[in-house]
Amino acid sequence: MTRFIDVPNLSRLVNTVGVVPFLGGLADAINEDFRRWNDFEKCPRTANHSDVGVIELMPVADDERFGFKYVNGHPQNPAQGLSTVMAFGAYAEVATGYPLLLSELTVTTAFRTAAMSLVAARAVAREDSRSMAMIGCGAQSEFQALAFHHLLGIEELRIYDIDAAAMQKLERHLAGRAGLTVIPAASPQACVRGADIVTTCTADKTWATILTADMIEPGMHVNALGGDCPGKTELAADVLHAGKIFVEYEPQTRVEGDIQQLADDHPVTPIWEVLAGKTAGRDSAEQITVFDSVGFALEDFSALRYIYAMDREHNIGETIALVPELEDPKDLFELVLDNHGQAYGRKAA
């Protein structure tokens, strides 16, 4: 039988493990899987774009397990009372195709995005980074703040959003967090001035320039999350030209990331190569680094793998009959017979 984790189950699982330990464990799972990058069969996600958003399927597999995620991105959804991003996924055996886990991935995607940001920052940001600027205070912001504060050592967080209510929401959720000072900024320029790390996580599906070259300082690490589909960017091209760029899966990022603005031969570094010790990350303390993160299926595979392991340890989820359990695997029709051996349905007149 298949294990099932819905949103309430995921909430209980996170609260059982603890929010910060859950983030840390997920970051470790992502790091482990990216370090064995060549073990996986990979492809860019399949996307169905519309004028108002995108719906995507994201598959990946190694020799033993297969995972996929269904996910949307509709920036105008909050006006209708819906989340911008909603997702679910499955984790299955390669040998049989049997689905081991069906799980919500909306909340989990926020965790895994923050965990991936953390993994990249540990690899390429300056080790003495203590201040972070965050432009965009939506659904992703708390997860990023907690990951970078508790697991990277950020002590000062400056925030900015065109929506004052979103800034207040973030301040409220982070209030009283020991060792973290949250400072609302009046403008993007004031927000990023002097920051060690700059995180951009805006949602509008448009050619935006949240960061411009005059806002970038030597040694900054730019954690760019919002540019994640064709025609959607956050960074001015001059920012990209100023820094060393790191990506998840280059064939996908070339189409969807901020680097869609650059020539196809502009050099980028796959982050997995840094994590696996095959290439250098940051070259100097003064170098500007950019993580052009669009989200890749391997991160969701890691999340499903981690949730499955945590569920086995804590037994939070449910067991569901997602696929048939048959005495005779060749007799599927028996499932549509009633107790008298008749097919269900209206009898002929």
Side-chain angles (χ1 to χ4, degrees), residues 4-15 19 22-23 26 45-58 68-90 101-117 134-147 157 159-175 182 184 188 199-208 210 224-234 256 293-295 299-300 303-304 307 316-318 320:
F4 177 55
I5 300 287
D6 61 7
V7 174
N9 287 334
L10 191 281
S11 178
R12 286 193 290 271
L13 183 60
V14 169
N15 280 285
V19 171
F22 191 90
L23 271 167
L26 182 49
R45 55 190 163 203
T46 300
N48 182 280
H49 292 278
S50 67
D51 291 339
V52 295
V54 63
I55 296 174
E56 300 167 330
L57 295 178
M58 303 171 63
F68 86 88
K69 179 169 79 171
Y70 165 100
V71 63
N72 77 299
H74 287 71
Q76 304 307 315
N77 269 4
Q80 304 178 55
L82 297 172
S83 298
T84 299
V85 174
M86 295 174 283
F88 64 88
L101 173 70
L102 179 66
S103 178
E104 87 79 41
L105 287 182
T106 306
V107 180
T108 301
T109 292
F111 273 103
R112 75 86 157 125
T113 302
M116 185 69 234
S117 296
M134 185 181 299
I135 301 178
C137 299
Q140 175 62 210
S141 58
E142 287 86 356
F143 299 88
Q144 293 283 329
L146 293 176
L157 177 67
I159 62 173
Y160 175 79
D161 197 298
I162 59 174
D163 181 359
M167 294 176 65
Q168 293 165 5
K169 177 261 310 180
L170 179 58
E171 284 188 89
R172 183 173 67 253
H173 284 158
L174 298 179
V182 180
T199 291
T200 57
C201 47
T202 61
D204 285 344
K205 189 179 180 181
T206 184
W207 293 95
I210 306 302
L225 310 179
D228 58 3
C229 71
K232 184 180 179 209
T233 64
E234 292 183 315
E256 299 180 352
S293 177
V294 299
E299 297 152 34
D300 301 300
L304 288 163
I307 289 171
I316 297 292
E318 305 168 41
I320 60 172

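Numbers here are sequence positions counted from 1.
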Item to complete: Please examine the side chains of T200 and L225, heavy atoms only from C-beta on, and report whether any two atoms are closer than 4.5 Å.
Response: no
Fill in: Atom pair CG/OG1 of D163 and T202 - distance to nearest 0.5 Å
13.0 Å
Discussion item. Quick one: does any side-chain atom of K69 pair with a main-chain N or O of T109 as donor and acceptor, under 3.5 Å?
Written reply: no
Practice prompt. For residues P78 and T84, determine if any side-chain heavy atom of one lies less than 4.5 Å from a side-chain heavy atom of the other.
Written response: yes
Worksheet item: Would you call L174 and L146 a side-chain contact if the rule is heavy atoms closer than 4.5 Å?
Response: yes
Worksheet item: What is the distance from atom CG of D161 to atom SG of C201, rounded to the nearest 0.5 Å?
Response: 8.5 Å
Fill in: Test log, rule side chain to side chain contact (heavy atoms under 4.5 Å, CB included), inputs K232 and V54
CA-CA 11 Å; K232 184 180 179 209; V54 63; over 6 Å; no
Fill in: Pairwise side-chain contact, F111 with V14, heavy-atom cut-off 4.5 Å (strictly under)
yes
Worksheet item: side chain to side chain contact (heavy atoms under 4.5 Å, CB included) between L170 and V182: does it pass, once the steps are laid out?
Response: CA-CA 9 Å; L170 179 58; V182 180; 5.6 Å; no
Discussion item. Between R45 (side chain only) and G295 (backbone N and O only), is there a donor and an acceptor less than 3.5 Å apart?
Written reply: yes
Item to complete: Give the C-alpha distance, both sets of side-chain angles, the deciding distance and a yes or no for side chain to side chain contact (heavy atoms under 4.5 Å, CB included) between Q140 and T199.
Response: CA-CA 11 Å; Q140 175 62 210; T199 291; over 6 Å; no
Worksheet item: If you measure from CD1 on I55 to OH on Y70, what distance do you get to the nearest 0.5 Å?
Response: 4.0 Å
Worksheet item: Side chains of N48 and E56: donor-acceptor distance under 3.5 Å anywhere?
Response: no
Worksheet item: Measuring from Q144:CD to T113:OG1, what's the distance to the nearest 0.5 Å?
Response: 7.5 Å
Practice prompt. State, with a plain yes or no, whether a side-chain heavy atom of I307 is found less than 4.5 Å away from one of L101.
Written response: yes
Item to complete: Examine distances only and state if a side-chain atom of E104 and a backbone atom of T108 form a donor-acceptor pair shorter than 3.5 Å.
Response: yes
Worksheet item: Between the side chains of R12 and N9, does any donor sit under 3.5 Å from an acceptor?
Response: yes
Practice prompt. Please examine the side chains of V85 and V71, heavy atoms only from C-beta on, and report whether any two atoms are closer than 4.5 Å.
Written response: yes
Worksheet item: Given the rule in the side chain to side chain contact (heavy atoms under 4.5 Å, CB included) test, do S141 and I159 qualify, once you have shown the distances and angles that lead to the verdict?
Response: CA-CA 9 Å; S141 58; I159 62 173; over 6 Å; no
Discussion item. Quick check: do P188 and I210 have side-chain heavy atoms less than 4.5 Å from each other?
Written reply: no
Worksheet item: Under 3.5 Å, is there a donor-acceptor pair between the side chain of Q80 and the main chain of L82?
Response: no
Worksheet item: Looking only at atom types and distance, does a side-chain atom of K169 sit under 3.5 Å from a main-chain N or O of G138, one as donor and one as acceptor?
Response: yes
Worksheet item: If you count the non-hydrogen atoms of other residues, nucleotides and ligands that lie under 6.0 Å from CD in Q76, is the total more than 12?
Response: no
Discussion item. With a 3.5 Å distance limit and no angle check, can you tell me whether T106 reaches the backbone of A87 through a side-chain donor-acceptor pair?
Written reply: yes
Worksheet entry | Check: E234 side chain, G226 main-chain N or O, donor-acceptor pair, under 3.5 Å | yes
Worksheet item: Is a side-chain N or O of N72 found less than 3.5 angstrom from the main chain of M86, in a donor-acceptor match?
Response: yes
Worksheet item: Is the number of heavy atoms from other residues, nucleotides or ligands under 6.0 Å of I162 CD1 greater than 12?
Response: no
Item to complete: Could you label the plane-to-plane angle of the F88 and F68 rings as parallel, tilted or perpendicular, counting under 30° as parallel and over 60° as perpendicular?
Response: perpendicular
